[in-house]
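Here the structure comes first, spelled out in structure tokens, and everything after it is commentary.
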Amino acid sequence: MHQMNISQQRAVDFKDGTMLLLAGPGSGKTSVLTHRIKALMDSGVRDSDILVITFTKAAALEMQERFMHLLAPKSANVSFGTFHAIFYSILRHHRAYRKVAPIKDKEKINMIKRALEISSLTDECADHDDLLRALGLISSCKNNGNDPSVFTQDMFDVQDFERLFNAYDGLLHDFGMIDFDDMINECLKLLKKDREFCFFWQKKFKYILIDEFQDISASQYELVKILAYPENNIFAVGDDDQSIYGFRGANISLMHRLLEEIPGAVRNELDINYRSVKKIVEAAGLVISENKDRFEKNITAYRCDETGRVTITSCIGKERENEEVVKIIKHKLEAGIPPDEIAILTRTNRVGGEYAALILSEGIACSFTDPHIPFSSEHIKDLRAYMAVASGDNKRANFLRIVNRPVRYIKRDSMPYEYVQKEELLRYYAKDPYMVRRINELFSNIKRLKTMSPYLGLKFICNAMGYDRYVKENVSADKYNEYLSEKESFGALIKKAGSYRDMEEMLYVVREKAIENSSRKGEEYGIKIMTYHGSKGLEFDTVILPDVNENKTPSKAAHTPAEIDEERRMFYVAMTRAKNSLNMLYRTDENLKPSRFIDKIIKK
């Protein structure tokens, strides 16, 4: 690490009492935390008296590794762990909780799917992003101690959410499991109820250091205060401008409460960004300055060289935007930038999957480890089934997907065999002139489809054959807009395919590579593709932010000032991942407008 600046050294040397350390992006907070632990030990504090809490297992392991490297060749018995690991460990030390088992992430996804089925709400969660959002709402409700019957959210009706919450909680109980939020709440109840047990843990940890304090929930905050009492040796490191987990219960007002509620608490700031060049730091500062409910800061760049770039590109159409993204990547690769130093950051997993498909179709390796496989929605499966039939694949499975989308009143019983023939359908409905007309019309359209390229065929299916109208009549307005967006990306991808066979081969390669990538955690190579949320804590030479448009960033689901502020913080996090090159793209076709978040940068 470079020689410490005054603010960093002040934080390292701080010993007794409470400090809130506001640490901006790239400000060296991990080095400050590890050096502070060593400074505490050098001052006579026992290593076993120190507790370091992070929000992710990876962060805990990285910090422990860096601390041990700093201490080498000596070792130390400092406790490092996530909120959930630490408080689960505390729970397990009590006789009443020794048999409780935590639920794993994969099990949570299966559990919420089952809870949605029980609650008859499966249609409300069409993809992986929706599942994560539903879990986030349940988490937020638990973290803030809310009654699900009065919990405010905009994804479900109040009664539907209460039914889903109870179904999910009931499944956890039936399988003898506990989720992360229950760990916190049960631990809080236990420490309040069992005074002797509480006193034991208060004596065990004399100094508590917390990373990413802006992500703390009300329940976690109360737990920290209880554990730190009566000495109140709390060293809380965070950045309110990077608080992006409001949907899970994170509350930046708790940073203010820490200063207000603990006598003698002080505030310090790490306001030098050592990661990003000056232009990126200034652009990000213009964006986040629009948020009013925040600690005032003056973040400056350590790297004042003029080599870095911030570009904003206006694109007419999705195809043009895709071309620009690929152009940026190829230019960077030709300039010698390693592939894993280039990142495409998107607002959602679904959109990330679409860009993974684009990059893979260009023959460029990419790493997209989110579980969303590109173009896996039911609507795209319908469109591909139409195209499969047009290419001559008359399997019954394909026809079952398309014959009543839009509705044509063709019965499943009319297609009893593995392959479907027009003549057999006409024989089945020979005495029904209306159905004969419908069947003839369907096969006439399929015949026309056979003469078209995949791209023109897509337009014909959606417009002339009425598939767009069918979707619009059967889903909510938001889901319809998501469908249109995915269809547009699908169209841009298949435009270069000369035939339906070419298209399927291309999609097969793209999807197989995406599935392979999703199972290769820790071995990723190539262009990094992830969500704004997923990029937090990471850094790249080059960052590409596509789709910087209103209703995408910020999301059209964000309505209140608080929701808009959090969307802006997410965008700020994405921007500040870039070290040398930040590239933002927006579209101007179809009445699309650039995001309000970049207004100041465009006007500057």
Side-chain angles (χ1 to χ4, degrees), residues 126-128 318-319 322-323 326 349-366 368 370-406 415 417-422 442-468 470-471 482-519 526 529:
D127 59 26
H128 190 77
K318 183 65 178 175
E319 189 177 355
N322 285 353
E323 289 172 356
V326 172
N349 282 310
R350 179 184 60 76
V351 175
E354 292 165 9
Y355 279 101
L358 168 68
I359 301 307
L360 290 168
S361 73
E362 292 286 333
I364 301 172
C366 77
F368 178 66
D370 287 301
H372 188 97
I373 303 302
F375 305 118
S376 59
S377 74
E378 293 302 304
H379 297 309
I380 297 298
K381 288 177 182 176
D382 289 347
L383 296 172
R384 289 177 62 194
Y386 266 109
M387 293 176 172
V389 170
S391 71
D393 186 350
N394 285 4
K395 287 193 182 81
R396 182 173 184 262
N398 289 329
F399 271 91
L400 287 176
R401 288 204 76 95
I402 70 170
V403 290
N404 288 309
R405 297 177 185 175
M415 298 173 285
Y417 305 115
E418 185 179 354
Y419 292 90
V420 176
Q421 301 296 331
K422 175 183 176 182
L442 171 62
F443 279 87
S444 174
N445 283 331
I446 290 172
K447 185 176 180 180
R448 291 183 65 185
L449 268 178
K450 290 181 179 180
T451 67
M452 300 177 184
S453 69
Y455 181 70
L456 291 178
L458 176 66
K459 288 183 172 294
F460 185 76
I461 294 164
C462 294
N463 299 322
M465 296 182 74
Y467 188 78
D468 276 1
Y470 160 77
V471 176
E482 286 180 10
Y483 154 72
L484 291 179
S485 176
E486 185 178 24
K487 182 191 76 171
E488 185 179 37
S489 295
F490 180 66
L493 178 70
I494 67 174
K495 196 167 188 179
K496 65 183 77 172
S499 69
Y500 296 115
R501 184 177 295 277
D502 292 339
M503 180 200 79
E504 280 303 317
E505 287 179 357
M506 178 177 65
L507 285 174
Y508 175 78
V509 171
V510 164
R511 288 166 59 80
E512 286 301 303
K513 285 185 177 179
I515 292 169
E516 180 185 342
N517 279 339
S518 70
S519 63
I529 302 176

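By convention here, the first residue in the shown sequence is residue 1.
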- Atom pair NE2/CG of H379 and D468 - distance to nearest 0.5 Å: 10.5 Å

- Task: Assess whether salt bridge (charged side-chain N to carboxylate O under 4.0 Å, His left out) is satisfied between K381 and E378, documenting all intermediate values.
- Result: CA-CA 5 Å; K381 288 177 182 176; E378 293 302 304; 3.4 Å; yes

- Query: Taking the side chain as C-beta and beyond, is there a heavy-atom pair between E354 and E488 under 4.5 Å?
  - Reply: no

- By salt bridge (Lys or Arg N to Asp or Glu O under 4.0 Å), which residues pair with D502, not counting sequence neighbours? none

- Is atom NZ of K459 surrounded by more than 12 heavy atoms (other residues, nucleotides or ligands) closer than 6.0 Å? no

- Query: Which of parallel (below 30°), tilted (30 to 60°) and perpendicular (above 60°) describes F443 and F399?
  - Reply: parallel

- Query: side-chain contact (heavy atoms from CB on, under 4.5 Å) with E362: which of I364, I359, L360?
  - Reply: I364

- Shortest non-hydrogen contact between A357 and L493, atoms and distance: O-CD1, 3.7 Å

- Query: So V403 and M415, side-chain contact (heavy atoms from CB on, under 4.5 Å) or not? Walk me through it.
  - Reply: CA-CA 10 Å; V403 290; M415 298 173 285; 3.9 Å; yes

- Item | Y467 side-chain N/O to L383 backbone N/O, donor-acceptor pair under 3.5 Å | no

- For Y419, check ring-ring contact (aromatic ring centres under 6.0 Å, His included) against everything at least two apart and list the hits. none

- Looking at side-chain heavy atoms only, is the closest gap between M387 and I494 below 4.5 Å? yes

- Query: Where do Y386 and L449 come nearest, in terms of heavy atoms and distance?
  - Reply: O-CD1, 4.4 Å

- Message: So, using salt bridge (Lys or Arg N to Asp or Glu O under 4.0 Å) as the criterion, who are the partners of K318 when residues are at least two apart?
- Response: E321, D547

- Item | Student check: side-chain heavy atoms of S391 and M503 closer than 4.5 Å | no

- Note on the structure: Heavy-atom nearest pair, G352 first then I529, reads O-CG2, 3.5 Å

- Item | Counterpart residues, side-chain hydrogen bond (donor to acceptor under 3.5 Å, both in side chains), relative to N445 (two or more places apart) | none

- Task: Please round to the nearest 0.5 Å and tell me the distance separating atom CE of M465 and atom CD1 of I402.
- Result: 6.5 Å

Below 3.5 Å, can you tabulate the donor-acceptor pairs from side chains in residues 450-458 to any protein atom, sequence neighbours excluded?
from: T451; atom 1: OG1; to: R448; atom 2: O; distance (Å): 2.7
from: S453; atom 1: OG; to: L456; atom 2: N; distance (Å): 3.3

- Using ring-ring contact (aromatic ring centres under 6.0 Å, His included) as the criterion, list what pairs up with F460, not counting sequence neighbours. none

- Check whether any side-chain heavy atom of Y500 lies under 4.5 Å from a side-chain heavy atom of D393, and answer yes or no. no

- Side-chain touch E482/S377, heavy atoms, less than 4.5 angstrom: no

- Task: Please determine which of L400, N394, N398 meets the side-chain contact (heavy atoms from CB on, under 4.5 Å) test together with R396.
- Result: L400

- Evaluate the side-chain proximity of Y355 to S489: yes if any heavy-atom separation is below 4.5 Å, no if none is. no

